[in-house]
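One structure is given here, and the rest of the page talks about it.
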Amino acid sequence: MSLPEGKILDEAEDQEIKDHGGVEPRTIAGRAALALAENLVQAKVDFVRCWFPWKYFEPFPVSESSLDRLADQSYSLWPMDDLVNTLTSKGVDVVPVVACGYQRMLPQGLEPDQNWTLYLKRASIHTRLLVRHWKSKIKCWQIENEPNWWAEHEAGGWRTGLSWIHEHGFRQELLQTLNNAVHVEDSGAITVINLEGDAKTLDPGTYSSYCDVLGLDFYPNYKSANPINIGVLKLGDEVSKGLGKPVMVSETGYPSGPSFLGYSPDRQAEYVEGASRQAYALDGVTGIGIWRYIDTSWRSFPPQENHFGLFDNRGSPKPAWTAYSRVIKELK
């Protein structure tokens with residue numbers, strides 16, 4: 001009698017895991033989520049901010065005639081369940097970015113230029129379904145991404161359509177729609193709008209009425225490796241005190257390469273530690289998110305985009321991860 005290779009040992013191992021009260025994830029995504037959770041718990045990380053791409057739930061736009069039925073029912077698949085359930089079961093909160101209009105994240109062919117009113121309705125239904133599904137596990141939602149930087153996103157090819165450039169009220173309508181959608185489904189939820197903090201067009205007061213917490217994104221060394229600059233984070237404290245509203249550093253980071261531009265793993269570690277300490281010292285700043293957890297396996301431009309991870313794309317920790325873990329434990 002022949003058996004598939006490893007079958008007997010695999011079943012014995014599965015039984016041992018069950019006997020100890022655990023269940024080994026059956027999918028690659030499940031195992032990845034568990035490995036992520038274990039790393040974060042060990043480092044005492046409080047939350048993960050991550051994309052929830054619209055197309056994961058709706059690869060193609062639901063027909064207009066079916067939208068009301070979708071709103072009353074639900075999506076048939078929930079591809080982020082492994083991530084949400086695993087992280088939250090380990091005590092790590094999830095802060096999803098929802099309804100982001102990056103073309104690579106939208107359902108195939110969807111863009112606001114075709115019909116603003118219909119786009120707003122679709123965005124509202126999509127957001128409400130996500131909040132309804134996860135409101136017992138997720139309490140903080142980021143709506144859209146860097147609305148003060150949409151024209152630059154369009155110029156870079158991340159967004160498509162004139163609505164992101166010549167918005168004529170579209171920006172405000174969309175943010176208000178998304179904010180309302182979250183709170184209709186969960187009145188106790190917290191909404192975040194993040195702004196590109198290095199931009200001259202920051203204007204935080206314009207956006208503060210559409211969210212509960214204002215987020216700021218800082219990349220002071222994006223164009224130049226030296227000198228390392230953590231002082232810009234003080235702007236978060238100034239904005240918080242000026243608006244009387246809590247502020248978080250939604251994103252900040254420093255790339256570990258390429259070396260020919262002056263970046264290095266040690267400089268990245270220095271920035272991550274310094275930025276974490278700076279944010280902790282500011283009364284108006286409620287939290288900080290480091291971009292990003294791991295380098296991607298694909299290549300982006302400019303080249304420093306490929307080196308922001310605290311782990312490399314093979315999953316090996318960089319010095320910045322060690323520094324980050326250490327400083328969290330010290331500050332807590």
Please set out all donor-acceptor pairs under 3.5 angstrom arising from side-chain atoms of residues 259-267, sequence neighbours excluded.
residue : atom : partner : partner atom : Å
Tyr263  : OH   : Asn221  : O            : 2.7
Tyr263  : OH   : Tyr222  : O            : 2.9
Ser264  : OG   : Arg267  : N            : 3.1
Arg267  : NH1  : Gly262  : O            : 2.5

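- In this structure, OG in Ser250 is found 11.5 Å from CD1 in Ile290, a value given to the nearest 0.5 Å.
- Here the straight-line distance linking atom CG of Leu67 with atom CG of Asp72 works out to 11.0 Å at 0.5 Å rounding.
- Here the closest heavy-atom approach between residue Pro112 and residue Trp164 is recorded as CG-CZ2, 3.6 Å.
- Checking side-chain atoms of Lys90 against main-chain N and O of Val41 turns up no donor-acceptor pair under 3.5 Å.
- Between the side chain of Glu196 and the main chain of Ala199, a donor-acceptor pair closer than 3.5 Å is present.
- Distance alone, capped at 3.5 Å, is enough to place a donor-acceptor pair between the Asp295 side chain and the Gly309 backbone.
- His183 and Asp212 are linked by a side-chain donor-acceptor pair at a separation below 3.5 angstrom, with hydrogens and angles left out of the test.
- Looking at Gln172, its side chain never comes within 3.5 Å of a backbone N or O of Tyr207 through a donor-acceptor pair.
- Close placement of the Trp78 and Phe57 rings is indicated, their centers lying within 6.0 Å of each other.
- By the neighbour-count criterion of 12 heavy atoms within 6.0 Å, atom NZ of Lys234 is sparsely surrounded, having that number or fewer from other residues, nucleotides or ligands.
- The shortest non-hydrogen separation linking Leu175 to Glu144 is CD2-CB, 4.1 Å.
- With sequence neighbours excluded, the residues that form a side-chain contact (heavy atoms from CB on, under 4.5 Å) with Ala320 are Gln268, Ala269, Val272, Leu310.
- Asp186 and Lys139 are joined by a salt bridge, as a carboxylate oxygen and a charged side-chain nitrogen come within less than 4.0 angstrom of each other.
- Distance check: Asp312 CG to Ser256 OG gives 8.5 Å after rounding to the nearest 0.5 Å.
- Applying the 4.5 Å side-chain rule to ILVMFWY residues, one finds that Ile28 remains a lone member of its cluster.
- The two residues Pro147 and Leu195 have their closest heavy-atom pair at CG-CD2, 3.9 Å.
- Classification of Arg326 and Glu273 as a salt-bridged pair holds, one side-chain N sitting under 4.0 Å from a carboxylate O.
- Heavy-atom minimum distance, Ala99 versus Thr127: CB-OG1, 3.9 Å.
- Under a 3.5 Å cut-off, the side chain of Arg292 and the backbone N or O of Gly253 do not form any donor-acceptor pair.
- Judged purely by atom type and a 3.5 angstrom limit, Lys55 uses its side chain to pair as donor or acceptor with the backbone of Arg104.
- Atom NZ of Lys135 sits about 12.5 Å away from atom NE2 of His133, to the nearest 0.5 Å.
- Between Thr88 and Val94, the shortest heavy-atom distance links the atoms CG2-CG2, 4.2 Å.
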Show me the donor-acceptor pairs, under 3.5 Å and distance only, between side chains in residues 42-53 and residues at least two apart or in other chains.
residue : atom : partner : partner atom : Å
Asp46   : OD1  : Lys332  : NZ           : 2.6
Asp46   : OD2  : Lys332  : NZ           : 3.4
Arg49   : NE   : Gln142  : OE1          : 2.7
Arg49   : NH1  : Glu251  : OE2          : 3.2
Arg49   : NH2  : Gln142  : OE1          : 3.2
Arg49   : NH2  : Asn145  : OD1          : 3.3
Arg49   : NH2  : Glu251  : OE2          : 2.8

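- For the residue pair Trp291 / Thr252, no side-chain donor-acceptor distance below 3.5 Å is found, with atom types taken as modelled.
- Under the 3.5 Å distance criterion, the side-chain polar atoms of Asp237 are left unmatched by any main-chain donor or acceptor of Leu282.
- For Tyr219 and Tyr254, the ring centers sit 6.0 Å or farther from each other.
- Residues Tyr210 and Thr191 have side chains that never bring a donor and an acceptor to within less than 3.5 angstrom of each other.
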Scan the side chains in residues 223-232 for donor-acceptor partners under 3.5 Å anywhere in the protein, sequence neighbours excluded, and list what turns up.
residue : atom : partner : partner atom : Å
Ser224  : OG   : Asn226  : O            : 2.8
Asn229  : OD1  : Gly231  : N            : 3.1

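- Remark: the backbone N or O of Leu331 is paired with a side-chain donor or acceptor of Tyr280 at under 3.5 angstrom.
- Defined by atom type and a distance below 3.5 Å, a donor-acceptor pair is present between the side-chain atoms of Thr206 and Asp203.
- Salt-bridge check for Arg159 with Glu154: failed, with every basic side-chain N at 4.0 Å or more from each acidic carboxylate O.
- For Asn85, the side-chain contact (heavy atoms from CB on, under 4.5 Å) test picks out Asp81, Lys137, with sequence neighbours left out.
- Around the CD atom of Glu64, the shell of radius 6.0 Å holds no more than 12 heavy atoms that belong to other residues, nucleotides or ligands.
- By the 30° and 60° cut-offs, the orientation of the rings of His126 relative to Trp54 is parallel.
- Smallest separation of non-hydrogen atoms from Glu146 and Trp150: O-CD1, 3.2 Å.
- In this structure, a donor-acceptor pair under 3.5 Å is absent between the side chains of Thr86 and Ser89.
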